[in-house]
Number of protein chains: 2
Amino acid sequence: MSKSKATSFDIAHYAGVSQSTVSRALRNSPLVNEETKKKVFEIAKKLNYKVDKNASNLRTQQSNTIALLLFEDPTSDESHINPFFLSMLGSITRACANQGYDLLVSFQQMDQDWQAQYEDSHRADGLILLGYGDYIDYQARLATLLQNNTKFVCWGANVDSRPELSISCDNYYGGEQVAEFLVAKKRTQCAFIGDASEHSPEFFARFNGFKDTLQKHGLNVDARQIINAISTDESGYNATKTLLSLKRPINAIFAASDLIAIGAIRAIKEAGLNVPEDISVIGFDDIPIASFTEPALTTVNQSTSVAGEMLVANLLAQLKDEPPVQTQLKPTLVIRHSA
Amino acid sequence: MSKSKATSFDIAHYAGVSQSTVSRALRNSPLVNEETKKKVFEIAKKLNYKVDKNASNLRTQQSNTIALLLFEDPTSDESHINPFFLSMLGSITRACANQGYDLLVSFQQMDQDWQAQYEDSHRADGLILLGYGDYIDYQARLATLLQNNTKFVCWGANVDSRPELSISCDNYYGGEQVAEFLVAKKRTQCAFIGDASEHSPEFFARFNGFKDTLQKHGLNVDARQIINAISTDESGYNATKTLLSLKRPINAIFAASDLIAIGAIRAIKEAGLNVPEDISVIGFDDIPIASFTEPALTTVNQSTSVAGEMLVANLLAQLKDEPPVQTQLKPTLVIRHSA
DNA sequence: ATTTAATCTGACACCGGTGTCATAATTAGC
DNA sequence: GCTAATTATGACACCGGTGTCAGATTAAAT
C-alpha cells in the first residue's frame, strides 16, 4: 500500500541480524536478547514497518479475522437494512475489536450460493451468520459448513444438529412476558402480527410463548387474529388494517417486531383510534427508533451489544477449543407508553 | 479453515497438469486449452477448492479489500453508534459487494494511534475514513497517509491539501434550503443548535448556509439563539431548554442533526408547546427514525446509499488511476410535519 | 520439406513472514 | 579445566498461489 514498503528483510539488513531474529523480536519472543530486540524495534519504527498480514496469515494458517455474513430478507426493501441487524453489526464490530479480531463484512443473498461466496474462507478463522434462517436449504448448507469443519455461529436460526452453535434471544420467554403484561392490564382480545409458523423460528417462538401464556390465563387467540407479516412497517400497517376490519374488536396487538409495531400504530391512528387507550401495541427488538415513536413503544428488548459479544465469544471459544458458552439471551420487557 | 483444504497443487496432481496451468485455468486465462480448463474446473469443484486469498494477495500485492475506519465521537455514548453512520456502514458494505470488494470494518478511537492500527495496510487496498474530523492531529495524520501513498477517501472531513479525497454532502446548500423554507413559512425568530465553529466543518457549513440565507432575507440570528450541542438527542434536549428559557421567544429551530432535533422536540413538548405550531423544528441527515417521530421530522436528506457508492467509487478510481469522480452530494429537504 | 508463427504447458523463482533445526557463544556444574 | 546446560542466532524450507521464461507441440506459411 505504501510506495516502498519495508520488509523484515530490510530490518534484518539494517540491524545486522537475520530475518528469523527480526521476526522473533517483533513478536516479543523471549528467545531474543533484549538489546537486539530494542535495536530491531527502533529500526522497524524508523522504517515504518508493518507486518504483511497476508504473508503471516499464509504461513501461520490463521487470520485473526472473523467474517460476518449478513443475509438479507429477499422480500424486503433493498436499500434498507433492518435497524436491528444494523445495530447488531455495530456491536459485533465492537466486540471483535475488543478481542483483537478483524471483521470482514459482507451481504449475502439467501438464494445465491453463499457457500462459494464464503470462499473468504482462508481469510477468516470463523463465520458469524446473521439474518433470516427461514430459507430452504439453510440447514443443508449449515451441514456442509460443519462437514468442512468450518467454525461458525448463527444468530436466531437453529442449527439442527448442533444447538450450541446458535445464539438467540429466549423468544418464547419474551412472548410470555408480553402476554403476562397484557393480561395484567386486563386486555382480553389480543392479536398477533408476524409469522406464526415454523418458517420463522424466532417469530414462531415469540408467538408460542405469547399464546401459551394467554391460554394459561384462560384467554384464546382467535385464528383470525393472527395475521401474517414480514418485518417491515409497511407489512405491519397492512396487517393491522386487516385486523381492524374484523367484526370482533381487539384491544391489544403483539407485533413480532418493532417495525411491524410501528406500522400497526400508524394504521390504528389512521383509523381514528388511540394507542394505548383503545388498542395496546407491543413490539419486539427495542430498536433505536422504539423510544421515539408516538407513543413510545413498549417492546421486548434483546440487547444487541450483549448479543454481539455472545456471538463473538462463542466463535472464539470454538476457535480456541474451549467449552461453549451460554447461548441464550434473556430479553426484558421495556415498558413505555404504547401499552 | 476446512479440515483438509485442497490446494492448487492437489488439483494439478489429479488433473495431471502443472500448478501454473491450474492457476491460469481457474482464472480463465485465454492461454489455456478449453478442454484442460474444463477438466481443472471439474476437479476443483470436486475437491471443494477455494483459492487461498492470503497466498494470492501476497503474491499479487493487492487484496481486493477496502478497510473502513469508523471513528467514534469520544464524547458520545459508547454503546450507540450514530444511526447515520450505521446506515452509511450498511450502504458502504453493499457498494463494496457490488464492486467485488471485501470490506474490513473497524472502530477507531480518534485519540489513539490509528495510524498504527491501520497496519491492516497490506490487507486492504484502500481506506474509507468515516466519522468526526474535528480532531487535533487529524490533518497531520491524513498527511502521513498521503506521504505513505496510502489510498484513502473520507466522508465529511476536509483533506486540506487534496479536496478531491473528501466526499461530503453540500452542507452549505442544505443550510440554505432550510432557511429558505423557514422564511417562506414566515418564521422570523430562528435558532440554531449545533456547533457553529470551524471545529465541526459539517455543522459549520450548515450553519453558514442557514445564516447567510436568513441575512439575505433581512433576518438575523441572534448570538444567544445559537446553542452549542453535539449530535445526541440528550444534547439537543438540553440546548433547547436553554433556548426556551431565553427572554425572546423563538418560532423555529434548525438542528444540525436529526438526533439533536429529536431532543429539541422532546423539550418543546415538555414545555407545553406545540411543534410545529409554536416552534418549527428542522433536522439534518434524515436518519431512519426521522419519519417515525411525532410529528414526523422535516429534515435534510443526505442519501447514505448514494454517499456510500460515491465513497467506494472515489476510492476505486484512485486504485485504478482513473480520474476522480464527483465529490459533492446534493442534499434535499424532506418536508414532513415538524415544520 | 523447412521455416515461422501460434498455441499450450511446465519448471522455477518469488511474494514476506514463520517455524524448525543446527550451531555458536556463553554460563553453570563438578 | 572439561562436560553439560543455557541462551542467542542464522540457514533454510515452507505456506499456496502467480508470473516469467523457455520449451514443446501443432498449425500456417513459404
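Chain letters run A, B, ... following the sequence lines, proteins first and then strands; every chain starts at 1. Since the structure is predicted, the reported quantities are computational estimates derived from the model, not experimental observations.
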- When the distance from CG of A:D10 to C1' of C:dG17 is rounded to whole Å, what number comes out? 13 Å
- Message: Between A:D125 and A:S63, is the side-chain hydrogen bond (donor to acceptor under 3.5 Å, both in side chains) condition met? List the steps.
- Response: CA-CA 6 Å; A:D125 299 332; A:S63 59; 2.9 Å; yes
- Message: Rounded to whole Å, how long is the line connecting atom CG of A:L31 with atom C1' of C:dA24?
- Response: 15 Å
- Message: How many whole angstroms separate atom CG of B:N54 from atom P of C:dG17?
- Response: 14 Å
- Query: Counting side-chain heavy atoms from C-beta on, which of C:dG16, C:dT18, D:dC12 comes nearest to A:D52?
  - Reply: C:dG16
- Option passing side-chain contact (heavy atoms from CB on, under 4.5 Å) with A:L129 (candidates A:L145, A:L165, A:L311, A:V153): A:L145
- Test item: side-chain donor near acceptor, A:S305 and A:S91, under 3.5 Å: no
- Query: Taking NZ, NE, NH1 and NH2 as the nitrogens, is one of them in B:E34 or B:K37 under 4.0 Å from a carboxylate oxygen of the other?
  - Reply: yes
- Let me know the distance between NZ of A:K50 and C1' of C:dG16, rounded to the nearest Å. 16 Å
- Query: From C:dT18, C:dG19, D:dG16, pick the nucleotide closest to the side chain of B:A55?
  - Reply: D:dG16
- Starting at the 5' end of DNA chain C and moving along, which residue's nearest nucleotide shows up first, B:P30 or A:Y49? B:P30
- What integer distance in Å separates A:R59:CZ from D:dG16:P? 10 Å
- Query: Can a salt bridge be assigned to the pair A:D10 and A:K5 using a cut-off of 4.0 Å between side-chain N and carboxylate O?
  - Reply: no
- Message: For a quick test of reading the model: is some side-chain N or O of B:Q61 closer than 4.0 Å to OP1 or OP2 of C:dC14?
- Response: no
- Query: Between B:N64 (CG) and D:dT18 (P), how many Å, whole number?
  - Reply: 12 Å
- Would you say B:S168's side chain and B:W155's backbone share a donor-acceptor pair under 3.5 angstrom? no
- Task: Nearest-nucleotide wise, let me know which of B:R27 and B:L58 is further upstream toward the 5' end of DNA chain D.
- Result: B:L58
- Query: If only side-chain N and O atoms of B:S18 are considered, is one of them under 4.0 Å from the OP1 or OP2 phosphate oxygen of C:dG10?
  - Reply: yes
- Query: Can you find a side chain N or O atom of B:Q19 that sits less than 4.0 Å from OP1 or OP2 on C:dT9?
  - Reply: no
- Item | Distance in angstrom units between B:H13 NE2 and C:dA11 C1', rounded | 18 Å
- Donor-acceptor side-chain pairing of B:K50 and B:N48 below 3.5 angstrom: yes
- Message: Nearest whole Å is fine: how far is D:dG19 C1' from B:L26 CG?
- Response: 15 Å
- Note on the structure: For A:A307 and A:M88 the tightest heavy-atom approach is CB-CE, 3.6 Å
- Message: Under 4.0 Å, heavy atoms only, any strand: does A:S56 hit a base, just the sugar-phosphate, or nothing?
- Response: sugar-phosphate
- Task: Kindly say if A:T7 contacts the phosphate of C:dG16, meaning a side-chain N or O under 4.0 Å from OP1 or OP2.
- Result: no
- Among the candidates C:dG17, D:dG10, D:dT18, find the nucleotide nearest to the side-chain atoms of A:R24. D:dG10
- Message: Is the phosphate of D:dG17 approached by B:K53 (side-chain N or O, under 4.0 Å from OP1 or OP2)?
- Response: no
- Item | Given DNA chain C, 5'-ward residue of the pair A:S23 and B:T60, judged by closest heavy atom | B:T60
- Message: When you compare the side chains of B:S23 and B:S20, does any donor N or O come within less than 3.5 Å of an acceptor on the partner?
- Response: no
- Message: Testing the 3.5 Å rule here: is there a donor-acceptor pair between the side chains of B:E164 and B:T327?
- Response: no
- Query: Crowded around B:Y14 OH? As in, over 12 foreign heavy atoms under 6.0 Å?
  - Reply: no
- Task: Would you mind telling me which of C:dG16, D:dG19, C:dT9 lies closest to the side-chain atoms of B:T21?
- Result: C:dT9
- Selection from C:dT18, D:dG16, C:dG10 that lies nearest to any side-chain heavy atom of B:K5: D:dG16
- Do the side-chain N or O atoms of B:S8 get closer than 4.0 angstrom to the phosphate oxygens (OP1, OP2) of D:dG17? yes
- Message: Expected output is a numbered-order residue list: members of residues 32-45 of chain B with a heavy atom under 4.0 Å from any atom of DNA chain C. What is it?
- Response: B:V32, B:N33, B:T36
- Give DNA chain D the dot-bracket treatment, 5' to 3': Watson-Crick (N1-N3 with N6-O4 or O6-N4) or G-U (N1-O2, O6-N3) under 3.5 Å, [ ] crossing, | other strand. .||||||||||||||||||||||||||||.
